[in-house]
Amino acid sequence: MKTPRITVAHGDGIGPEIMAATLNVLEAAGASFAIDTIDIGEKIYRRGLNAGIEDSSWDKLAENKIFLKAPITTPQGGGFKSLNVTVRKSLGLYANVRPCRSYAPFVKTKHPNMDLVIIRENEEDLYAGIEHRQTDEVYQCLKLITRPGCEKIVRYAFEYAKRAGRKKVTCFTKDNIMKMTDGLFHKVFDEIGAEYPTLEKEHWIVDIGAAKMADTPEVFDVIVMPNLYGDILSDVSAQIAGSVGLAGSSNIGENCAMFEAIHGSAPRRAGQNMANPSGLMLASVQMLVHMGQGKVAQKIHNAWLKTMEDGIHTYDLYRAGVSKQKVGTKEFALAVASRLGDEPEKLQRACYSDESPLHLKYEKRDLPLAKKELIGVDVFVQEDNRDPEHLAERLKSAIQNLPLSLQMITNRGVKVYPQGMKETFKTDHWRCRLVSKEGGVSNHGVLWMLMRELSQTNIDVIKTENLYLFDGQKGYSLGQGQ
Ligand code: NAD
């Protein structure tokens with residue numbers, strides 16, 4: 001069989017040291033691949049490329065499909081784009097998988113029985129990165145949740161759980177507040193979950209779910225969640241398992257996959273042979289499983305577990321009385337390599353098969369298109385006068401000859417007109433809901449006329465958002481207090 005090629009980036013800070021350590025162990029274990037190396041991160045940013053990656057590297061990534069990446073340093077200050085987000089989105093790596101397991105008593109943790117996997121949506125949510133400054137006082141970041149995005153990640157979570165022999169899939173959302181966006185994620189979880197009758201399913205509101213996870217992580221198995229919650233909670237989960245320095249992650253797409261440690265480039269530890277290479281090593285274990293080299297992955301993972309048990313620890317895990325030897329990055333890798341073939345005695349041993357990778361092809365579901373009816377528009381305006389009655393009078397005067405009426409005005413989502421409360425704090429950013437008098441705006445021409453009238457009345461329109469009914473159901477939320 002042809003030797004697979006993978007792309008490797010050695011990264012910044014502690015990146016080159018932990019990558020060298022990881023590659024040494026992979027080689028010693030007999031992993032089968034050839035390497036193409038690319039430069040990413042600081043060096044490239046300094047050359048003026050704001051994405052932190054050269055165009056030619058994209059070709060390699062797309063060609064090899066498997067990417068083992070060390071952490072990079074994202075320069076502070078404006079203009080630089082996060083390379084991680086760009087790579088994930090450009091290669092369509094929609095599923096971020098982070099197993100978090102404790103290794104008590106060898107690694108200190110309050111949760112000795114923790115063994116959960118966080119599956120985080122990786123491409124959308126607030127990470128669409130669509131932000132605007134709209135007024136002197138107000139900035140906005142758009143939270144985009146799509147049906148295909150939810151279907152892909154939820155399906156992946158269930159398929160992952162089935163294949164890994166897990167028992168339960170939990171969904172975290174905040175759909176008591178974000179009924180439409182997080183509500184869609186929850187709805188898709190229920191829809192797709194119904195196709196997996198042998199797996200237990202549950203949903204938690206993310207705040208109390210996170211509290212429960214931090215307190216009693218052993219009650220969770222696989223947890224699937226939208227991007228931002230997953231970003232935060234997977235770090236919490238890795239940390240309470242023992243250390244962020246121990247966790248690896250995979251980023252899986254339909255065709256490509258990227259494997260990395262979850263920690264950053266730890267610049268203060270760079271060049272001192274101090275860093276713990278375990279996060280990247282365990283990410284490379286996930287990579288081998290993904291490449292169908294499960295038995296080699298198992299050998300490395302068990303040697304790593306045995307090294308932990310033998311008390312050979314880097315500075316971040318070292319504890320007098322528990323650890324036997326404090327070692328540097330290179331020595332830790334040598335210790336793992338010398339235990340290849342050994343198995344842990346106390347910790348649960350790793351067991352992987354040589355199965356083919358879990359790359360799910362998204363299949364668009366055959367749902368009928370909804371009947372979409374335009375019934376009004378939310379107009380967002382900047383207005384420094386904080387009296388909503390004043391704004392309402394100006395708006396009413398502007399629309400007097402149009403088939404629209406002013407239904408309400410909100411400020412930061414709370415209704416302030418009609419009948420607002422004087423106690424409500426108000427900024428210079430107002431949402432004015434105009435709805436059709438006749439129960440439907442026949443065409444967008446009315447909206448064009450509206451814009452003309454508003455500009456003639458010197459109303460400072462920031463943006464508009466059309467109000468639609470989808471099969472007669474409101475495609476927008478009500479104002480708070482409406
Ligand atoms: P960090 O994860 O680099 O460091 C946080 C703390 O953990 C530090 O005290 C560090 O010394 C320690 N630490 C991290 N990894 C360790 C390891 N393997 N062994 C021992 N100790 C370790 O986070 P940070 O300081 O917030 O970020 C530093 C840089 O890394 C920033 O430029 C950030 O943008 C970048 N970063 C990159 C990635 C990535 O490339 N995937 C992820 C997160 C942060």
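Remember, it's 1-based here, ligands and their atoms both numbered in the order they're listed.
- Y45 and N50 get closest at one heavy-atom pair: CE2-O, 3.2 Å.
- Neither the backbone nor the side chain of M274 comes within contact range of ligand 1; no heavy atom lies under 4.0 Å.
- If you look at N84 next to ligand 1, the close heavy atoms, those under 4.0 Å, all belong to the side chain.
- Of the possible donor and acceptor atoms, none in the side chain of S323 sits under 3.5 Å from a partner among the backbone N and O of Q325.
- One finds no salt bridge joining R88 and E123 here, because no Lys/Arg side-chain nitrogen approaches an Asp/Glu carboxylate oxygen to under 4.0 Å.
- At a 4.0 Å heavy-atom cut-off, ligand 1 touches P267 through the side chain alone.
- When only non-hydrogen protein atoms are considered, atom 22 (C) of ligand 1 lies nearest to Y315 OH, 4.0 Å.
- Evaluated by nearest non-hydrogen atom to atom 29 (C) of ligand 1, the leading choice among G264, S265, A275 is S265.
- Of the possible donor and acceptor atoms, none in the side chain of K306 sits under 3.5 Å from a partner among the backbone N and O of G341.
- Across L280, T73, I72, I14, heavy-atom proximity to atom 35 (C) of ligand 1 is greatest for I72.
- Against a heavy-atom cut-off of under 4.0 Å, T74 is close to the following atoms of ligand 1: 32 (O), 34 (O).
- Salt-bridge check for R147 with E191: passed, with a basic side-chain N closer than 4.0 Å to an acidic carboxylate O.
- The backbone and the side chain of H263 each have at least one atom closer than 4.0 Å to an atom of ligand 1 (non-hydrogen atoms only).
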